[in-house]
Amino acid sequence: MIYNFNEIEAKWQKYWAKNQTFKAENQSDKPKFYVLDMFPYPSGAGLHVGHPLGYIASDIYARYKRHKGFNVLHPQGYDSFGLPAEQYAIQTGQHPAITTAENIKTYRRQLDQIGFSFDWSREVRTSDPSYYKWTQWIFIQLFNSWYNNESNKAEDISELIKLFASEGNANVNAVCDDDVEVFSAEEWNTFDSVKQQEILLQYRLTYLAETEVNWCPALGTVLANDEIVNGVSERGGHPVIRKKMTQWSMRISAYAERLLQGLDTIDWTDSLKESQRNWIGKSVGASVSFNVITSETKQSVNNENVTLNAVEGSHKIEVFTTRPDTIFGVSFMTLAPEHELVSQITTPAQKAEVEAYVEATAKRSERDRMADVKTITGAFTGAYVEHPFTKEPIPVWIGDYVLAGYGTGAVMSVPCGDQRDYDFAKHFNIPIPNIFEGVDISEEAFADKDKTIIANSDFLNGLNYKEATKKIIEELEKLGQGQGKTNYRLRDAVFSRQRYWGEPFPVYYVNGMPQMIDAKYLPISLPEVEKYLPTETGEPPLGNATVWAWDTAKNEVVSNDLINNKTIHPLELNTMPGWAGSSQYFNRYMDPHNDNEIFSQEAINYWQQVDLYIGGSEHATGHLLYSRFWQKFMFDKGLVPYDEFAKKLINQGMILGTSAFVSVLGIQVLFLDENEESSSKNESPKSIGVLVSKSEVEKYNSKQENKIDNFLNSLKGNSKYINSFGKTVTVHQINNIHADVSFVNASDELDIEAFKIWRPEFKDAEFITEEDGTFKVKREVEKMSKSKYNVVNPDQICIDYGADSLRLYEMFLGPLEQYKPWNTAGITGVHSFLKKLWKLYVDDNGLKVTNAEPSKDSLKTLHKTIKKVEEDIENFSFNTSVSTFMIAANELTAQKCTSKDILEPLLILISPYAPHIAEELWSQLGHNESIATAAFPTFDASHLVESNKVYPISFNGKMRFTMELPLDLSKEAIEEAVLAHEKTKEQLQGRTPKKVIIVPGKIVNIVG
RNA sequence: GCUCAAGUGGCGGAAUUGGUAGACGCGCUGGAUUCAAAAUCCAGUACUUUCGGGUGUGUGGGUUCGAUUCCCACCUUGAGUACCA
């Protein structure tokens, strides 16, 4: 009986589906375990071998946990809203729902063929109205909530309204916009409804606000930084500008501190937690306000030659600084060019320069501005602020190194203490006063807090950083120009997208004020549109919908023609972002078909939270932060028992492609004029493409004798390339072009015929081969992508080697978390392991397993395998398990083991990794039940006890020879035995050892 | 720029509290089997050597009896950087 993997795998996949082997129950006597993969986006290209890496790892863990007696929840679904489907819709007119459904079908087929133990009865799709009903529902909950700093949690907005009505907002300690006006209860009660709604928006956890975006007028859409290359759109190369737009935002900043603190309670990778900490960006310092000098006051304090009558009215520049102790070192202020004060304080003389600079900045992306520290640019506004203590005037500049969205969009620049300020000051010849004792700042700024002693700073002189900071905050408070403040870099998250293929908001507008649709009328389904592009007037795609108005009487979506702004109102035209649907899906899996509530309390209290979450680190600050935010919000609302959704999280690394390159020797034959060294006008240059094998290119490049030079020489005088004047000159160059990896074998040899069919332009090309006649490609590791022709499809792997081989090989490639290249060639190793394993159980006559007593060696092999595999799975070190299996199979084969007592438990060990072959052999051993819940074998250390140890004998730390000694030997006896050894004498060559280090059971090291 | 991660044979990688560097697999070389190929099996495979040995884990230092592992500085590559998912 041969190992017919295709048949076996199809058989067991069918069995699992039919018997619902992996269906998780919401009630069980077993302990629960929740293993989750990050939501896949079903792209049109289907899965490549990189995608299943994390799924295989989580599947191994889920299967392992079932063997360990757990009730395992291991669901899967689709994050099926997204840009690619919309982009495709724009190009083809095909509704994204149709393409998405097709893509999901492909994904499902591909996932099924790999043999995952998903509970498909719980599948969810974010683009399904029955799912996004609950995304809309959470949005409404957020809208109806505010963050109370006193109770440190989200509370219902009705509580806030009560407070406003009874005592105004002066004493309300809430997270809100910066510019909230103070009002009394009486005032609140006299405000009209619109005014009240405006104020409430400044408190709600989701709110409408003006946000800066990358606007591309030509495409009529907002672009991600990612989609902008060199200041123009990646698609089409259109100009992009920074623009303010009214959009929905999520007040995630309310949760900044809890998101930060929560990190200490979860078992996520340190690098991921570090990313989130940086993203949240907590900094402790002070806010300081500087008064802009107006025309009248300026005359009295100004001793510089500046334009009078410059600034009208009174203005303040608010800054946040982590170094208030350096306030006497301020020699200028820098505002972000987008800062709202810029237009108000710029003097007429500086107006032209400032406006030009602001315009230039609008064209630069934020990332550009952050990354580029070498080019220093800025402009002087002509305005001055007054130093709070010295009362000296300080010039106000604008510079693009200050970003509008960070802090207040303004900094007090202390060039002696901050390198960017220092560089700016040097560049514009602004003075750099030194306020540090005993520090040379002639070359660079001094930013070391710990070594700081303040000087030239009036009452701060002689104080260190801590003392000075405390003192200055007191003084600022006395002046009323500042106070201690903790700042977070975390910005509120923009929640509107000018896209079609996303969740519609359950929002309509009355008098310009957003109103929530009552939750009982959800879902509000996406309307049909003619076109998926923005409208001609620049509205989002939903502006194309003709039936997109809310009838408040009938509580349904009706035609736009009926809008009367009395009972029928326009609906929101934006849709929600990609992360909306993925921010709570893990909870929905617990009770995915519940139509009455987002999930039942029974379900959430049973499953509680995700025990193991596996996914890519690219989600570190997007999905993983937003999800934590929503979870905390739901916790505040009493919906979930834990305020962290995932106890443990592992990042899988990416699988990279091994691209193949063919070197093309491009030759241009120029037909020369008889007399002149230029090409003739009536005969155009002729190009010849010659493909050259790898080592000939290497020889050519290192100027060794090679076939390229020979070929070029052979061209001279070749009648094919001589024109009527009898002269040719050739120009040549070598380029590398991608060859599809499917044409290349394990030895890097190219299938020339297949390549010619794929690239007809080389149909008649000459191929310069290796000495042995083969044609070899150059290999390089790159991201796996269609455009690089290095994508490997798992379908073909499953056909050629089987899913079990694919699963093992993906794990065998290397540590889960690491980036590693894929090379299909290596899969033969794990495939022959499976064949070898098969042969341990089955030969030409069928099953060969016996009831023979196992040998001591076989027991040792089995038990060391149990120990290692269990440790490996617990440590997510799946690659080393595969090696361990190979070693076990090699050893058992050598031992000619046929004992059931060994081979049966071995199957359970392998079953999480290679479930199909395990199921098949398990059933051949006579079991009628699936192996999936068979108990994991127990490790027995007694089988591994050794009496001897092969000691490495080192001299000065270098191992020179080994020596077998009994393990129970004393240190003295070991020393005696080692020193008596002939090789020891050889090594020492008569010297007396200075020292002999003996670690019993480990090593002997002789020094001398 | 900032933040994080990673550098070990021809390749993927192993070495789990500092203790035999290169497990396991690919590839390669030789052999067996075969009409031949595939498959399978056996042996070898870090570099170097005057065959005693010597050198080796990105580079340069340090700690230690002993460092791939710990410390410092640097170099290289990759990722994230707020609307790709």
Side-chain angles (χ1 to χ4, degrees), chain A residues 38-41 43 79 81-84 87 213-214 221-227 234 247 269-272 274-275 277-279 366-367 369-374 401 405 419-420 489-491 493-499 577-579 582 616-623 625 651 653-654 656 658 746-748 779 781 783 809 812-815 817-823 825-830 832-833 835-836 868 871-872 875 877 879-880 882-887 890 950-962 986 994-997 999 1001-1008:
Chain A
M38 281 185 198
F39 233 2
Y41 174 78
S43 82
D79 187 11
F81 275 131
L83 269 187
Q87 210 49 49
V213 294
N214 300 311
T221 186
V222 175
L223 297 176
N225 281 338
D226 212 68
E227 297 171 296
E234 194 179 24
Q247 310 207 62
T269 59
D270 287 336
S271 71
L272 198 143
E274 192 58 25
S275 303
R277 282 193 192 103
N278 287 327
W279 194 260
E366 257 187 30
R367 202 180 298 173
R369 286 165 61 176
M370 281 189 286
D372 184 10
V373 291
K374 291 193 183 99
Y401 75 100
Q419 195 57 42
R420 283 168 309 175
R489 202 171 72 102
L490 181 69
R491 290 184 243 165
V494 179
F495 200 68
S496 295
R497 297 291 183 269
Q498 296 69 46
R499 310 283 186 196
W579 55 271
S582 59
S617 57
E618 65 272 22
H619 298 286
T621 48
H623 161 60
L625 198 63
N651 287 129
M654 203 185 286
L656 305 167
T658 311
S747 309
D748 293 350
R779 292 288 204 168
V781 171
K783 207 167 170 173
Y809 189 51
F812 187 61
L813 280 179
E817 308 84 358
Q818 236 164 66
Y819 281 62
K820 57 228 160 207
W822 177 272
N823 192 344
I827 200 170
T828 55
V830 293
S832 31
F833 155 71
K835 285 196 269 190
K836 204 171 203 175
K868 176 82 176 130
E871 282 170 5
D872 282 347
N875 293 317
S877 173
N879 53 326
T880 49
V882 181
S883 303
T884 304
F885 291 139
M886 288 175 173
I887 293 166
N890 290 344
V950 179
Y951 277 94
I953 314 299
S954 312
F955 292 82
N956 299 318
K958 292 250 175 234
M959 202 279 289
R960 296 306 175 192
F961 63 93
T962 58
E986 223 171 78
K994 282 184 200 138
K995 209 173 178 185
V996 179
I997 310 247
V999 184
K1002 285 243 159 127
I1003 197 174
V1004 177
N1005 189 20
I1006 299 167
V1007 187

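Keep in mind the model is a prediction, meaning the values are calculated, not measured. So that the names make sense, note that chain A is the first sequence line, chain B the second, and so on, each numbered from 1.
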Would you classify A:Thr962 as touching base, sugar-phosphate or nothing, given that sugar-phosphate means primed atoms plus P, OP1 and OP2, and contacts are heavy atoms under 4.0 Å?
base
Output the rounded distance in Å from CE (A:Met654) to P (B:G12).
18 Å
Measure from the ring center of A:Trp822 to the ring center of A:Tyr809 and say whether it is less than 6.0 Å.
yes
Touch check for A:Thr828, heavy atoms < 4.0 angstrom, all strands: base, sugar-phosphate only, or nothing?
sugar-phosphate
If we count only N and O atoms by modelled type, under 3.5 Å, do the side chains of A:Asn890 and A:Lys836 hold a donor and an acceptor together?
yes
May I have the distance from A:Ile1003 (atom CD1) to B:G19 (atom P), rounded to whole angstrom?
9 Å
Give one of base, sugar-phosphate or nothing for A:Lys820, where a contact means two heavy atoms less than 4.0 Å apart.
sugar-phosphate
Atom-to-atom span, CZ of A:Arg489 to P of B:U3 - whole angstrom
11 Å
Starting from P on B:G13, measure out to CG on A:Leu656 and report it in whole angstrom.
10 Å
For a quick check of understanding: with a heavy-atom distance under 4.0 Å over all strands, which category does A:Tyr819 fall into, base, sugar-phosphate or nothing?
sugar-phosphate
For a quick check of understanding: with a heavy-atom distance under 4.0 Å over all strands, which category does A:Ile997 fall into, base, sugar-phosphate or nothing?
base
What is the nucleic acid contact for A:Arg277, judged by heavy atoms within less than 4.0 Å: base, sugar-phosphate only, or nothing?
nothing
Of A:Lys783 and A:Thr884, the one whose closest RNA chain B nucleotide lies more 5'
A:Thr884
Counting any heavy atom closer than 4.0 Å, what does A:Leu272 reach on the DNA or RNA strands: base, sugar-phosphate only, or nothing?
nothing
Evaluate A:Thr269 against A:Asn651 for side-chain hydrogen bond (donor to acceptor under 3.5 Å, both in side chains), listing each step before the verdict.
CA-CA 7 Å; A:Thr269 59; A:Asn651 287 129; 3.2 Å; yes
If only side-chain N and O atoms of A:Arg491 are considered, is one of them under 4.0 Å from the OP1 or OP2 phosphate oxygen of B:C83?
no
Is the A:Phe955 ring parallel, tilted or perpendicular to the A:Phe961 ring (thresholds 30°, 60°)?
tilted
Counting only side-chain nitrogens and oxygens, does A:Asn879 get under 4.0 Å of the OP1 or OP2 atom of B:A14?
yes
Using a cut-off of 4.0 Å on non-hydrogen atoms, how would the nucleic acid contact of A:Gly82 be classed: base, sugar-phosphate, or nothing?
sugar-phosphate
Sugar-phosphate, base or nothing in reach of A:Ser832, heavy atoms under 4.0 Å:
sugar-phosphate
Is the A:His623 ring parallel, tilted or perpendicular to the A:His619 ring (thresholds 30°, 60°)?
perpendicular
Sugar-phosphate only, base, or nothing, as touched by A:Gln247 at under 4.0 Å among non-hydrogen atoms
base
note: A:Lys958, atom NZ; B:U57, atom C1'; distance rounded to Å ~ 11 Å
Touch check for A:Trp279, heavy atoms < 4.0 angstrom, all strands: base, sugar-phosphate only, or nothing?
base
Value in whole Å for how far the C1' atom of B:C83 lies from CZ of A:Arg497:
4 Å
Would you indicate what A:Lys994 reaches in the nucleic acid, counting non-hydrogen atoms under 4.0 angstrom: base, sugar-phosphate, or nothing?
nothing
A:Phe833 CZ to B:C24 P, straight-line distance once rounded to whole Å:
14 Å
Just call it for A:Asn1005: base, sugar-phosphate, or nothing, with non-hydrogen atoms closer than 4.0 Å on any strand.
base
Assign A:Gln818 to base, sugar-phosphate, or nothing according to its heavy-atom contacts below 4.0 angstrom with the strands shown.
sugar-phosphate
In the structure shown, which nucleotide is the Watson-Crick or G-U wobble counterpart of B:C51, with both distances under 3.5 Å?
none
